[in-house]
Protein chains: 2
Amino acid sequence: MFIFWVSANSVLLSGPSSLSFRSHTCGELRSDHVGHTVTLCGWVQYLRNDLFVILRDFSGLTQILIPQEESAGHLKAVLCDLTAESVIKVTGTVRQRPAGQENKGMPTGDIEVLAENVEVFNVSRKLPFEIKDFVKKSESLRMQYRYLDLRSSHMQRNLRLRSELVMRMREFLCNVHGFVDVETPTLFKRTPGGAKEFVVPSREPGRFYSLPQSPQQFKQLLMVAGVDRYFQIARCYRDEGSKPDRQPEFTQVDLEMSFVDQTGIMSIVEGLLQYSWPAEKGPIKVPFRTMTHEEAMRDYGVDKPDTRFSMKVGDFEFLRSALSHPGGCVQAVCVPGGAVRKETFPVAGSELSLVLVRADGTLKSPLKKLLSVSSTEALLNRTGAKPGDLLLMAAGSLHTVRPLLGSLRLQCADVLESHGVSLREPSVFHFLWVVDFPLFLPKEDEPEQLESAHHPFTAPLPEDTHLLYTEPHKVRGQHYDLVLNGCEIGGGSIRIHRASEQLHVLKNILREDPSLLSHLLEALDSGAPPHGGIALGLDRLVSIMVGASSIRDVIAFPKSFRGHDIMSCAPDLVSEEELKSYHISVRWPTEQGGGGEEGK
Amino acid sequence: MFIFWVSANSVLLSGPSSLSFRSHTCGELRSDHVGHTVTLCGWVQYLRNDLFVILRDFSGLTQILIPQEESAGHLKAVLCDLTAESVIKVTGTVRQRPAGQENKGMPTGDIEVLAENVEVFNVSRKLPFEIKDFVKKSESLRMQYRYLDLRSSHMQRNLRLRSELVMRMREFLCNVHGFVDVETPTLFKRTPGGAKEFVVPSREPGRFYSLPQSPQQFKQLLMVAGVDRYFQIARCYRDEGSKPDRQPEFTQVDLEMSFVDQTGIMSIVEGLLQYSWPAEKGPIKVPFRTMTHEEAMRDYGVDKPDTRFSMKVGDFEFLRSALSHPGGCVQAVCVPGGAVRKETFPVAGSELSLVLVRADGTLKSPLKKLLSVSSTEALLNRTGAKPGDLLLMAAGSLHTVRPLLGSLRLQCADVLESHGVSLREPSVFHFLWVVDFPLFLPKEDEPEQLESAHHPFTAPLPEDTHLLYTEPHKVRGQHYDLVLNGCEIGGGSIRIHRASEQLHVLKNILREDPSLLSHLLEALDSGAPPHGGIALGLDRLVSIMVGASSIRDVIAFPKSFRGHDIMSCAPDLVSEEELKSYHISVRWPTEQGGGGEEGK
């Protein structure tokens, strides 16, 4: 058992079978190998007619032929006795399959291996589900037995594709562009107001570390430190309770560069994605399309437009008085062929009116009587609506109408696709930069007060810098979001590199206590270069790339919706004794007299 | 400012200056570039005689010549006004330095750049210390202003060497040997008795995640999952309070393979280090030397011998009766030339006797009168002691004498080196495998009870497996430690892959509650392949490689001895309000009536 496999008297020195008990993987044997003696290791996929064992590893399946001669009785008995998912090593000779028995659907389908020797490493119990791609499993069963779920060919593919993608990204950044891979701490100081940061008690009473949501401060400090080009595949943490398809820990492709502008960062990211994009997914074209935040909101009602299909939001100012909305706006989305499926479309709120275009080009709608002939004609012209189409019209303030129609546009696309209309090609990837975001937004609960649209370190557009001191609400930031198929997969900015400007933003505009960021302000005052960067959400990027419905399908051991590891039962109870050294105790909800989340 | 630098009408598409404001780095200009117009960005190292600005970036220094003509008065004024560490962009023409003014000690010392244009990005305040390699700074000042400390050429070199090393390791594992880079969770379930694990409160009362000390369970589960070959540059956590040169978070090169034995893992690691070893540090030879644990303890008195020098521990059983130690052992270390420096050597405890070898070959020692002429002769022969040497002799039980002499051997080596004796060449790297460790050791406080020497998942040597059921204290494990210059830089093992064997070890030998590891036992019962792996301590490895005295010199933002981030003041106080959502409250020591660590 402890002599490893030697091929032509020498150990394999590279490849997936190097230094292994096996000579080949289960996916690689072809007709060329006929006559060779090979050793395979793997899992028993199934037995067939006491004649074949189908053996599986990460790379595929090979058919093992069970010898039927009496002299091989013991070998036959061992093989025929195997339970599914048992683990064996088989040595044997590669043979051509008899004519007519080839399996064209199987990469190794031209050959089989006549078993000569077998070693059973482990016998498998009866499993809670079979390892077959067509077997449907519940999400909770998959999570509880994740080590079985990962045996499926699609999870194997997803994990390997992710690994290869990251490797290519590193090659591009490190080897091609001189980036330095620097690890930054995850035990850090709590960000003021960082409600989504996990805390980690230390052994000093009352003092806590915090798990940061991103290495933002560290990457900027590395630029001040003269590291010039930093990147990291960074583990980040966010405590959001149970938001759908969010994970308490996630991974960012995090980079920062000195002596660069927005165009430079965008070009690096385009190069990065083009270089690392899996060949099997087809090439992607650069540069990516760019759209301003204002254009995105105007045409798509959202700051992360799905540009794979049109159905843009149109503005119909000329209808304002006809529809008695002098103070607001009138906007519409045209759903092609939507008239016949009117009932299946979402209808939300009183702001919305449906207008059907009849076969004869006339309208069917409560609004009809309000519209003159010329208005009707102009409406049809400008929307391009044809007989059978449906117009979703909304009137009201710009701030409510745009997001409403933006959201309806996406819901209608889903409905159309569920009816077989092909709107969005699954294998098509539409990258889009959204730029020129406002730097500040009014606070929701206190609209006179401004807060950062992204974070307080974003630099203003050069042409807007003077407005920082006069009309800060008008300032646009050097922020850029990267959108893929309507999902935000990254965001970044050029940062403020002058201490005085950063202090003004923190103190005078955001009205925050600058002493909490004194180390950063001091750093900017110590010779900070102009710099900027971006963070890409790796989990989301890979999940879109492989067409997964959840990021859980591209993470080896994800948490459930509620943040649980169902396999090991984390988070778990910890004794008061163990908590003592951290100087904390649990406030049980019943002891507190309500206010907590009870009955969990 | 937002037009990036264009060389011969095209943006640089690769290299460290791609997509940057600069055309070259400060370290790359040579005589070949004379006549070229270049743009450099960097920090003002210093000004000299109002004639030169020495400009620095990560790659080196370039001398900028300040034009002296009256027409360039403004440019001269700007440059002469610069404070040290201000950040500028300079465009100018590369010139040969006048004959006799070359600086052979500076890679760019043949040229200078005549400034034609300058942009000042940022002016630096007066800094707490100068960025010059010869300026000594206190450790606490370095930590408080880490972003300045990192500007030093040796910290730049260390971070870049680390990044390049890791890149090469990835290439070897991923591209050459088919490993899959898989990220495993850091929010996990608390290990039973895991006193060194940080806890992370969740939003469910009383439930905590834990930050694992290693991905041990996950890497084994990935093997059960059929991932075949896993690696990860893994962030790990260990709460040890303030042990010297330990960090609460650290990094492991973590790998695991299926269908492999101990020899296979050791070969992969040897290949990995040989492939990734920096060329500037000279090649390393494989295979590494291997020593059993018993040999290491016998010859060096320690399980991680520094094999760069001899001074082995010798056994002198024949002196036992002469020295009246019938029950114990008599051992000695010979310190060459130690007699003359006798006073400077450590003398610890009553077990130890010093024996000086006089110039005439006679001994000077209280023991002298106990030793016969033939014993004396045999002692000198066997130790190889020469006139002027010092023998450190100890008698007593093997368990105390070996570690005592092992530790004295190292202390004596330090003393000899402090006196200018060259024992250990700093540029020499001695790798050593230590194998055949005992699988179990008696518990310190309960010697009848066994505990794992490393962890409960280590497989026994095949020839010792039967002893698991009869004499477990005699079982040796398939564990291997990798030692470099006397430091343990890695450890790993072949794991138990059969559920029944794992259950026996947990339940019958270690007397632990197997239900706490039920998910792992279930996994082993579901078709687990034979597997094994290793973890290398990356911080320690790099620190030895670069000759750093502390791992803090190879970590960008390390914590202090006491686990503090001095720059940002982490860990920090968190309000009771913020802790409410985690259902915990602080137990202040005064409220508890003592027992805590007060007065911090």
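A note on names: the letters A, B, ... follow the listed sequences, proteins ahead of strands, and every chain is numbered from 1. Atom set for the values below is all heavy atoms of this structure, side chains included, hydrogens, waters and symmetry mates excluded.
For the set A:Ile131, A:Leu150, A:Leu520, the count of heavy-atom pairs under 4.5 angstrom toward chain B peaks at A:Leu150. Top candidate by heavy-atom pairs under 4.5 Å with chain B, chosen from A:Gly226, A:Pro558, A:Ser575, is A:Gly226. Chain B forms the most heavy-atom pairs under 4.5 Å with one residue out of A:Leu516, A:Ile88, A:Ile265, A:Val574, and that residue is A:Val574. Options A:Gln217, A:Arg125, A:Glu85, A:His519 differ in how many heavy-atom pairs under 4.5 Å they form with chain B, and the most are formed by A:Arg125. Most heavy-atom pairs under 4.5 Å with chain A: of the set B:Ala523, B:Gly178, B:Ala556, this distinction falls to B:Ala523.
Heavy-atom distances place both the backbone and the side chain of A:Phe208 under 4.5 Å from chain B. Of the atoms belonging to A:Cys41, heavy atoms from both backbone and side chain fall under 4.5 Å from chain B. Looking at A:Leu579, only its side chain comes within 4.5 Å of chain B, counting heavy atoms on both sides. Using a 4.5 Å cut-off between heavy atoms, A:Glu171 contacts chain B through both its backbone and its side chain. Both the backbone and the side chain of A:Leu159 come within less than 4.5 Å of a heavy atom in chain B. Using a 4.5 Å cut-off between heavy atoms, A:Ser210 makes no contact with chain B at all. At a 4.5 Å heavy-atom cutoff, the contact between A:Asp565 and chain B is made by side-chain atoms alone.
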### Query
salt bridge (Lys or Arg N to Asp or Glu O under 4.0 Å) between B:Asp572 and A:Lys189: does it pass, once the steps are laid out?
CA-CA 6 Å; B:Asp572 203 0; A:Lys189 180 198 176 82; 3.1 Å; yes
### Task
Evaluate the criterion salt bridge (Lys or Arg N to Asp or Glu O under 4.0 Å) for residue pair B:Arg203 and A:Asp239; output intermediate values, then yes/no.
CA-CA 9 Å; B:Arg203 289 180 189 259; A:Asp239 179 18; 2.8 Å; yes
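For B:Asp539, the salt bridge (charged side-chain N to carboxylate O under 4.0 Å, His left out) partners are B:Arg162, not counting sequence neighbours. Judged as a ring-ring contact (aromatic ring centres under 6.0 Å, His included), and not counting sequence neighbours, the contacts of A:Phe172 are A:His177, A:Tyr275.
Judged by a 6.0 Å distance limit and a 45° cone about the ring axis, B:Arg146 is not positioned over the six-membered ring of B:Phe557.
Residues B:Val180 and B:Asp228 fail the side-chain proximity criterion, which asks for heavy atoms closer than 4.5 Å.
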